[in-house]
Amino acid sequence: MHHSSAIVNVAARLSDRARERPQQIAIAAPRRGMPLDRRASYNTLSFLELDQRTDRIARGLRSMGVERGTRLALFVPPSIDFVSLVFGLFKAGAVPVLIDPGMGRGNLLACLDEAQPQGFVGIPIVHAVRVVLRRRYARAQLNVTVGRRWFWGGTTLEQLIGGPWTGAELATTQANDPAAIIFTSGSTGPPKPVLYRHGNFDRQVVELRDQYRVAAGEIDLPAFPLFGLFNAAMGVTTVLPDMDPTRPARARPANIIAALNAWQVTQAFASPAVWSRVGPYCLERGIRLPSLRRVLSAGAPIDPRLLEAMQSCIADDGEIHTPYGATEALPVSTIGSREVIAETQHAWRLGRGTCVGRRFPGVDWRVIAIEDQPIATIDQARELPTGEIGELIVRGPVVTTYYERPEANKLAKIDDPHAADGPTFWHRMGDVGYFDEQQRFWFCGRKAHRVITAAGTLFTDPVEGIINQHADILRSALVGVGPRGSQQPVVIVELRRPRRDRAALIDELRQLAAQHEPARSIEHFLIHGPLPVDVRHNAKINREKLAVWAQHRLG
């Protein structure tokens, strides 16, 4: 990392946008119980108002005793308050701790124990819990209630913002200073705290803006709240959707469509769980979304059939992009729907994995031989040739480290002390796949989910891609039963529609598998109800749970 004394604070980008376009709406949030198809039903804040509101929050936080580096757990649902508070915290030099409330109580408390926040900024119920667990959070002295304060002390957001605007606030942070702690969704193992530095955020804004040619003045509907923060830095209007972000698979398509059309939204970002509701809904009803030119889908691989459905609903020159990355490194690569649809016309691609495209310019990547142990330095990693499946490693300014997790860092990071541009490190994505002749990466699954049999290794994505071609299969999961090295591969399927003749279905699946090299050795197929999925994107299948279930079934 190069150390320069330049001020890098991602909130400075908000102030720049406020100077350039003070009257443009920065955020629009739906009012409860009002029709979503009218702009008058939304509360709004202009860029100038947002900038000044975040200055006042930063000043209020500082007067409370918040200093640079103070960790504050932020529990506020997606709203004007959420975006204002994040930028207010950045301007004060504080470090928001962001934990997905959908991950369950046990995980949530474990994350808080680990982050040791010095205060809570949250809605009343959060403070009620904090008071009940006051011994556990005795250090949390700097508390702000968003909404009505009941019987506990501390400040309210109203008091924090209170008083007239008295000038700009901006902590003189540098690229390497902590900006936020964001927990992973914990789809493989417990959630881990990822330390974002101001330089990481700043570079993410540049990479996303330049790659997708996002122009100031555009209008975005982000179903993943953190994406709204990038908008504010890019001069893009954020229209918050009327949905529970912790349950994307329950989003109501009509609500999303009403907002898209009322605001003539040009860009929308969501997980495949949201698009798999919106796409078919539009197709069935012949609904068009003519203003929508750029759709971003991230969080899990997206079915090419769904891409085709979405492509037919949006602007004629529009495209769906599927950026690939992880909480620890984002964005890494991207591919557009037109390219994906062209690829999937080739039957020979079946069982080849999912193409996640070409790398972002600011990212360097390699595929190395799969290794479950730590790799101390890059010269100990063996780079693989094109077409060979290995694990993906990445480096660059958007790549982060874990917060106070020496063991996790040891396992996931590889030192590169002699890199041409100065000492750096690589992050091991935990994903396996290969590069094709065009230097695109093909994702073949999580490293932890590979099935190691006596005859060789099977990877989840190629196998599931073959099985999911069957008309009656909604999704499938490959798991291994038994000791590693001699595992039995088992495919567990979730049906699209009920079938009485289950034995016949399993025969069909066995024949389908036998026709394709990656799945040829699989004999065991089990039918399951809805497959368990992660909370954040409702798309990553919990294969650990399914492996235990399969073990019982096969006895």
Side-chain angles (χ1 to χ4, degrees), residues 9-11 54-77 81-101 103 105 107-147 149-162 169-174 176-184 191-198 200-201 226 229 327 400-406:
N9 185 320
V10 74
T54 55
D55 287 333
R56 282 148 64 186
I57 290 172
R59 177 165 302 120
L61 288 166
R62 290 242 290 277
S63 65
M64 272 173 63
V66 171
E67 298 169 357
R68 261 173 67 172
T70 300
R71 293 184 306 285
L72 296 174
L74 182 61
F75 287 106
V76 178
D81 286 342
F82 173 76
V83 178
S84 305
L85 281 161
V86 174
F87 279 99
L89 287 160
F90 288 162
K91 284 183 174 183
V95 180
V97 177
L98 298 164
I99 306 171
D100 194 331
M103 65 168 56
R105 185 169 178 271
N107 273 340
L108 194 71
L109 295 176
C111 291
L112 285 169
D113 289 344
E114 190 160 10
Q116 290 286 318
Q118 290 148 284
F120 284 77
V121 178
I123 53 177
I125 185 69
V126 170
H127 291 285
V129 172
R130 170 181 65 79
V131 172
V132 170
L133 301 173
R134 63 165 74 82
R135 280 206 153 125
R136 195 165 183 160
Y137 305 117
R139 288 179 193 191
Q141 299 294 325
L142 299 161
N143 298 305
V144 178
T145 304
V146 179
R149 193 177 63 204
W150 300 343
F151 48 83
W152 51 82
T155 313
T156 64
L157 178 60
E158 293 300 310
Q159 291 169 330
L160 206 59
I161 295 173
E169 291 278 332
L170 190 70
T172 55
T173 50
Q174 295 176 3
N176 227 10
D177 286 336
I181 295 168
I182 302 179
F183 280 80
T184 62
K192 292 192 280 289
V194 176
L195 176 63
Y196 269 78
R197 300 172 193 277
H198 278 280
N200 298 135
F201 276 134
L226 287 178
L229 305 177
T327 310
T400 60
T401 54
Y402 295 114
Y403 173 71
E404 309 238 321
R405 277 277 195 111

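Just so it is clear, the structure is predicted and the values come from calculations on it, not from any experiment. Counting begins at 1 with the first residue of the sequence.
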Item to check | Spacing of T155 atom OG1 and I161 atom CD1 [to the nearest 0.5 Å] | outcome: 12.0 Å
Checklist entry - By side chain to side chain contact (heavy atoms under 4.5 Å, CB included), which residues pair with P77, not counting sequence neighbours? => result I123
Next on the checklist: Measuring only between side-chain heavy atoms, which start at C-beta, is V146 closer than 4.5 Å to F75?
Outcome noted: no
Checklist entry - Should we say atom CD of E67 is surrounded by more than 12 heavy atoms from elsewhere, each under 6.0 Å from it? => result no
Next on the checklist: Contact between P96 and L72 at the side-chain level, heavy atoms closer than 4.5 Å - yes or no?
Outcome noted: no
Next on the checklist: Using side-chain heavy atoms (C-beta onward) and a distance below 4.5 Å, is V76 in contact with L157?
Outcome noted: no
Checklist entry - Could you go step by step and tell me if V131 and F151 meet the side-chain contact (heavy atoms from CB on, under 4.5 Å) rule? => result CA-CA 10 Å; V131 172; F151 48 83; 4.0 Å; yes
Item to check | C111 versus I99, closest heavy-atom pair with distance | outcome: CB-CD1, 3.6 Å
Item to check | CZ-OG1 distance between R68 and T172, expressed to the nearest 0.5 angstrom | outcome: 4.5 Å
Next on the checklist: Could you check whether any side-chain heavy atom of E404 comes within less than 4.5 Å of a side-chain heavy atom of P193, counting everything from C-beta outward?
Outcome noted: no
Checklist outcome for this item: By salt bridge (charged side-chain N to carboxylate O under 4.0 Å, His left out), R149 pairs with (sequence neighbours left out) none
Item to check | Side chains of T400 and L195 in contact at under 4.5 Å (non-hydrogen atoms) | outcome: no
Checklist entry - Under 3.5 Å, is there a donor-acceptor pair between the side chain of Y196 and the main chain of T327? => result yes
Next on the checklist: Going by salt bridge (charged side-chain N to carboxylate O under 4.0 Å, His left out), name the residues that satisfy it together with E169, two or more places apart in sequence or in a different chain.
Outcome noted: R59, R62
Checklist entry - Between Q141 and A138, is there a donor-acceptor pair closer than 3.5 Å when you use the side chain of the first and the backbone of the second? => result yes
Next on the checklist: Quick one about R139 and Q116 (side-chain donor to acceptor, distance below 3.5 Å, no hydrogens or angles considered), yes or no?
Outcome noted: yes
Item to check | Smallest separation among heavy atoms of V121 and H127, with atom names | outcome: C-NE2, 4.5 Å
Checklist entry - If you measure from CE on M103 to CG on L108, what distance do you get to the nearest 0.5 Å? => result 7.0 Å
Checklist outcome for this item: Rounding to 0.5 Å, atoms CZ (F201) and CD1 (I182) come to a distance of 4.0 Å
Item to check | Worked check of side-chain contact (heavy atoms from CB on, under 4.5 Å) between V95 and L89 | outcome: CA-CA 7 Å; V95 180; L89 287 160; over 6 Å; no
Next on the checklist: Using every non-hydrogen atom in the two residues, find where A11 and L170 come nearest and quote the distance to one decimal.
Outcome noted: CB-CD1, 4.1 Å
Checklist outcome for this item: The side chain to side chain contact (heavy atoms under 4.5 Å, CB included) partner of F120 among T145, V144, L112 is L112
Checklist entry - Is any side-chain heavy atom of R71 closer than 4.5 Å to a side-chain heavy atom of Y403? => result yes
Next on the checklist: As a quick check of understanding, evaluate side-chain contact (heavy atoms from CB on, under 4.5 Å) for Q118 and V66, giving each step before the final call.
Outcome noted: CA-CA 9 Å; Q118 290 148 284; V66 171; over 6 Å; no
Next on the checklist: Could you report the tightest heavy-atom contact between D113 and R136, atom names first, then the distance?
Outcome noted: OD2-NH2, 2.7 Å
Checklist entry - What do you reckon, is CZ of R134 surrounded by more than 12 foreign heavy atoms closer than 6.0 Å? => result no
Checklist entry - Would you call F183 and V194 a side-chain contact if the rule is heavy atoms closer than 4.5 Å? => result no
Checklist outcome for this item: In terms of heavy-atom contacts, I57 and G88 come closest through CG2-CA, 3.9 Å
Next on the checklist: Side chains of R197 and T173 only: does a donor on one sit below 3.5 Å from an acceptor on the other?
Outcome noted: no
Checklist entry - Can F82 and L98 be said to form a side-chain contact (heavy atoms from CB on, under 4.5 Å), step by step? => result CA-CA 11 Å; F82 173 76; L98 298 164; 4.1 Å; yes
Checklist entry - What pair of heavy atoms forms the shortest contact from A58 to A92, and how long is it? => result CB-N, 3.8 Å
Next on the checklist: Angle between ring planes, F87 versus F90, binned at 30° and 60°: parallel, tilted or perpendicular?
Outcome noted: perpendicular
Checklist entry - Measuring from N9:CG to H198:NE2, what's the distance to the nearest 0.5 Å? => result 4.5 Å
Item to check | Spacing of T401 atom OG1 and N200 atom CG [to the nearest 0.5 Å] | outcome: 8.0 Å
Next on the checklist: Could you tell me if the side chain of L61 sits less than 4.5 Å from the side chain of K91, heavy atoms only?
Outcome noted: no
